[in-house]
Amino acid sequence: MRGNCFCYGSVTKKKIVLEPPVIRVSLVFVEKGGKTHEEASRHPTVVQPFLVVFSYFQFALVLVLGFTSALQYDGECENKKALNPRPHSVSLLEFGAVGDGKTLNTVAFQNAVFYVKSFADKGGAQLYVPPGRWLTGSFNLTSHLTLFLETGATILGSQDYTHWEIEEPLPSYGRGIDFPGWRYRSLINGDDLHDVVITGGNGTIDGQGSVWWEQFSSHSLNYSRPHLVEFTRCDHIVISNLTFLNSPAWNIHPTYCRYVKVQNLTVHASPASPYTSGIVPDSSEHVCIENCNISMGHDAIVLKSGWDEYGIAYGKPTKSVHIRAVNLQSSLGSGLAFGSEMSGGILNVLVERLHLSNSFVGIELKTTRGRGGYMKDIVISNVEMHNIHTAIQVTGQSGSHPDDKFDPDQVPFVKGITFDNMVGSNITFAGNFSGIYESPFTSICLSNVSFSMNWDSSSSWFCSDVKGFSQKVSPEPCSDLKESSFNASSSCFFSLYPYNYATDF
C-alpha cells in the first residue's frame, strides 16, 4: 500500500520485502491577499507559510509508526525451516579412521567425503563421526553433506604444520590476516558448495591452537594462521549443536556466502590467545547467529567485508544479518564488533537479546581512513552488560592497513546506528564516539540506555565528529548525541524497523 504518509510492503511467495516509509508533506504557501504560491510568484508580494499541515503531519506520523511496526522484519533467524534427514549415511570408521587422538585421520576424512560426493544427486548423505578423538589435518567438504559429530566425538586439529595445506589469500584481503602472502588452509573447508550441515550431539571441534598462538607471538610463522571452519562462496550452510575450542585464529568464517545459520554453539579459547575470534561473517548475506555462548581472546562475534583497496575492489558487503540470544565475552577485544576490515560495506544488521560480560569493550564499530566502505542501518536492542571497561565504542581511528597501496582519501561513512534498551552494571566508560573529521558519523541513536558506572560518571562519554539523538540515557551523554530536531528523532525511530530485507532460506 502506498500513500502520502504510509510505508508499504510487497509480499511474494516465501519472500517478504519491506520498504522504507514514504512521507510526503508539502507546505502550502498563501499570499496575504489569498493568492496561491504559484500565483504569488507571478505577482510578487509578501508570502508566509500556511501551517495547517502541521497537525496533519503529526497524525500521519502516528499512522506511519503504527504501520511500520506492523510490517517490521523480524530477522533471518525467524525462518524455522527444518533440516531434512539425509537418505544415506556412512561412518568414518568405514574408511579406516582410528579415534585414539594420536593416529592421523586426514586421508580417512578425505576418502569419506569423496565417497559421500557420489550421493549428491540422491539427496546427499551423512558422514557420521562416532565417539573418539579423531586427529586430522585440513580437509574439504562437499555439497549435500551432513557432517555429524556424535556425543563424545572430538575432531582434533593436528599440531604439525605440515598437515595443514597452504593457499592464496582471499581476494578481498590481498594477504593473510597475520602476515603478507599466503595462509594456512582452515581445518574444515567448503568452496563453492551448496547445502552443507555441520552438526551433532554436542560433539567438539578442537583446533589445539596453543602451538599456533606461541608461534604467532614469537613471530615464527611463515604464513597466516588457519581457522577451524571456513566456507567460501557457499550457500545454505548450517552449523549447530557443537562445541568449538582453541582455534588457531578464527573459529567459523563464512566468506562470500549466502544463507548461513549458526545456532546452539559453545565457542571458547583461552583469554590469553592472541587475536582469536569466534564467528566472523565476512562479505556474506542472509546470516543468522543465535543461541550461542562465545568467549574469546579477541572479538567474540565480528562482522567484516574486506580490507582497504582489496575490499573496495571486490565490493561485496556483509548484509541482512540477524544476531540474537547470545552470551559473549572478550578478554582483550569486543563482545560484538563490526570491522575494522569493512571496505565492502556492512548494512542491515539486527541484533537483539545480547548478553555481554567481563570484556574490554562491549559493542564496537571500528574503521579508519583508507578503508572506504560504510556501516549503516544497524539496530542493536535489548542488551545486558556486566563488568565491561567500555560499553559502546564507535571509532574511526582503529585498525592497520594490508600494505602501502591504500588510498588515504577513501574515508568510510557510518550512519544510522541505533542502540536501544540497554542496561549495564560495573561499567568504566559508557561510550567513546570518535568519528572522522572528513566524514563525521551521523544518525547515531541511543534510547533507553542505563549504565551503572564504577567511577565518576561525569567523564563517562567522549564524542568527536559525531552527530546523533538520545533519549532516556544515563549517565547523560555528550551534547553531540543530544540533537533535538524532529528529523533526528524520527530517523532514529524509523531505524528500529529494518527494511529492504528479503529472506528465502
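Here the structure is a predicted model, which means the values were calculated and not measured. Computed from heavy atoms alone, side chains included, the values below leave out hydrogens, waters and symmetry copies. Throughout, residue positions are numbered sequentially from 1 according to the sequence presented.
Tyr128 and Glu150 share a side-chain donor-acceptor pair at under 3.5 Å. In the model, Ser447 has no side-chain atom that pairs as donor or acceptor with a side-chain atom of Asn421 under 3.5 Å. Between the side chains of His227 and Ser186, no donor N or O sits under 3.5 Å from an acceptor N or O. If you check the side chains of Glu352 and His322, you find a donor sitting under 3.5 Å from an acceptor. In this structure, a donor-acceptor pair under 3.5 Å is present between the side chains of Asn432 and Ser434.
When all heavy atoms are compared, the tightest approach of Ile177 to Trp250 is CG2-CH2, 3.8 Å. Nearest heavy-atom pair across Ser158 and Leu104 is CB-CD1, 4.4 Å. Closest heavy-atom contact between Pro402 and Trp307: CD-NE1, 3.3 Å. Closest of all the heavy-atom pairs between Leu245 and Leu228 is O-CD1, 3.7 Å. Closest non-hydrogen pair, Pro248 versus Thr276, comes out as O-CG2, 4.2 Å. Smallest separation of non-hydrogen atoms from Pro274 and Ser217: CG-OG, 3.9 Å.
For Asp235, the salt bridge (charged side-chain N to carboxylate O under 4.0 Å, His left out) criterion is met by no residue, not counting sequence neighbours. When the disulfide bond (SG atoms under 2.5 Å apart) test is applied to Cys257, no partner is found at least two apart in sequence or on another chain. Annotation: salt bridge (charged side-chain N to carboxylate O under 4.0 Å, His left out) contacts of Glu364 (sequence neighbours excluded): none. Phe413 meets the ring pair (Phe, Tyr, Trp, His ring centres under 6.0 Å) test with Tyr374; sequence neighbours excluded. Scored by the side chain to side chain contact (heavy atoms under 4.5 Å, CB included) test, Asn241 finds Thr199, Asn264 as partners (sequence neighbours excluded). Every residue meeting the side chain to side chain donor-acceptor pair (under 3.5 Å) condition with Glu230, not counting sequence neighbours, appears here in chain and number order: Arg183, His253. With sequence neighbours left out, the side chain to side chain contact (heavy atoms under 4.5 Å, CB included) criterion links Thr162 to Asp160. For Pro412, the side chain to side chain contact (heavy atoms under 4.5 Å, CB included) criterion is met by Met342, Thr367, Arg371, Ile436, not counting sequence neighbours. Qualifying ring pair (Phe, Tyr, Trp, His ring centres under 6.0 Å) partners for Tyr256, counting only residues two or more places apart in sequence or in other chains: Tyr314.
For the side chain to side chain donor-acceptor pair (under 3.5 Å) with Tyr173, the lone residue among Asp282, Asp308, Thr255 that qualifies is Asp282. Here the options are His144, His88, Arg86, the test is side-chain contact (heavy atoms from CB on, under 4.5 Å), and the partner is Lys122; only His88 passes. For the ring-ring contact (aromatic ring centres under 6.0 Å, His included) test with Tyr223, the passing option among Phe216, Tyr161, Tyr184 is Tyr184; the others fail. The side chain to side chain donor-acceptor pair (under 3.5 Å) test with Asn327 is passed by exactly one of Asn291, Asn293, Thr266: Asn293.
Looking at Ser273, its side chain never comes within 3.5 Å of a backbone N or O of Pro271 through a donor-acceptor pair. Using modelled atom types, no side-chain atom of Lys319 and backbone atom of Asn348 make a donor-acceptor pair closer than 3.5 Å. A donor-acceptor pair under 3.5 Å is formed between the side chain of Gln159 and the backbone N or O of Gln208. Under the 3.5 Å distance criterion, the side-chain polar atoms of Thr318 are matched with a main-chain donor or acceptor of Ser283. At distances below 3.5 Å, at least one donor-acceptor pair connects side-chain atoms of Thr151 with backbone N or O atoms of Gly201. In this structure, the side chain of Gln263 does not engage the main chain of Cys292 through any donor-acceptor pair within 3.5 Å.
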- Item | Worked check of salt bridge (Lys or Arg N to Asp or Glu O under 4.0 Å) between Glu309 and Lys405 | CA-CA 7 Å; Glu309 68 271 21; Lys405 299 177 183 178; over 6 Å; no

- Message: Please evaluate residues Arg369 and Glu438 with respect to the criterion salt bridge (Lys or Arg N to Asp or Glu O under 4.0 Å), reporting the C-alpha separation (whole Å), side-chain torsions for both, the decisive distance (0.1 Å), and the verdict.
- Response: CA-CA 9 Å; Arg369 290 177 177 84; Glu438 300 89 341; 3.0 Å; yes

Got a list of side-chain donor-acceptor pairs under 3.5 Å for residues 295-303, not counting sequence neighbours?
unit_1, atom_1, unit_2, atom_2, d
Ser295, OG, His268, ND1, 2.7
Asp299, OD1, Ser334, N, 2.9
Asp299, OD2, Lys366, NZ, 2.9

May I have the list of side-chain donor-acceptor pairs in residues 136-143 shorter than 3.5 Å, sequence neighbours left out?
unit_1, atom_1, unit_2, atom_2, d
Thr136, OG1, Thr106, OG1, 3.4
Ser138, OG, Glu165, N, 3.2
Asn140, OD1, Arg185, NE, 3.2
Asn140, OD1, Arg185, NH2, 3.0
Ser143, OG, His194, N, 3.0

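Electrostatic pairing of Glu290 and Arg353 does not count as a salt bridge here, judged by no charged N lying under 4.0 Å from a carboxylate O.
Residues Phe419 and Ile392 meet the side-chain proximity criterion, which asks for heavy atoms closer than 4.5 Å. Residues Val361 and Ile388 are not in side-chain contact: their nearest non-hydrogen atoms beyond the backbone lie 4.5 Å or more apart. A 4.5 Å side-chain heavy-atom check between Ile380 and Thr418 finds every atom pair outside the cut-off. Considering only heavy atoms from C-beta on, Asn251 stays 4.5 Å or farther from Val229 through its side chain. Looking at Asp420 and Leu446, their side chains never come closer than 4.5 Å, going by heavy atoms from C-beta outward. Under the 4.5 Å side-chain criterion, counting only non-hydrogen atoms from C-beta, Val260 is not in contact with Glu76. Within the 4.5 Å cutoff, side-chain heavy atoms of Leu221 are placed close to those of Trp212. Taking 4.5 Å as the limit, every side-chain heavy atom of Val262 sits out of range of all side-chain heavy atoms of Cys288.
The stretch residues 407-417 participates, sequence neighbours left out, in no side-chain hydrogen bond (donor to acceptor under 3.5 Å, both in side chains) pair at all.
At most 12 heavy atoms of other shown residues, nucleotides or ligands fall within 6.0 angstrom of atom OH in Tyr115. At most 12 non-hydrogen atoms from other residues, nucleotides or ligands lie less than 6.0 angstrom from CZ of Arg133. The number of heavy-atom neighbours closer than 6.0 Å to NZ of Lys316, taken from other residues, nucleotides and ligands shown, is above 12.
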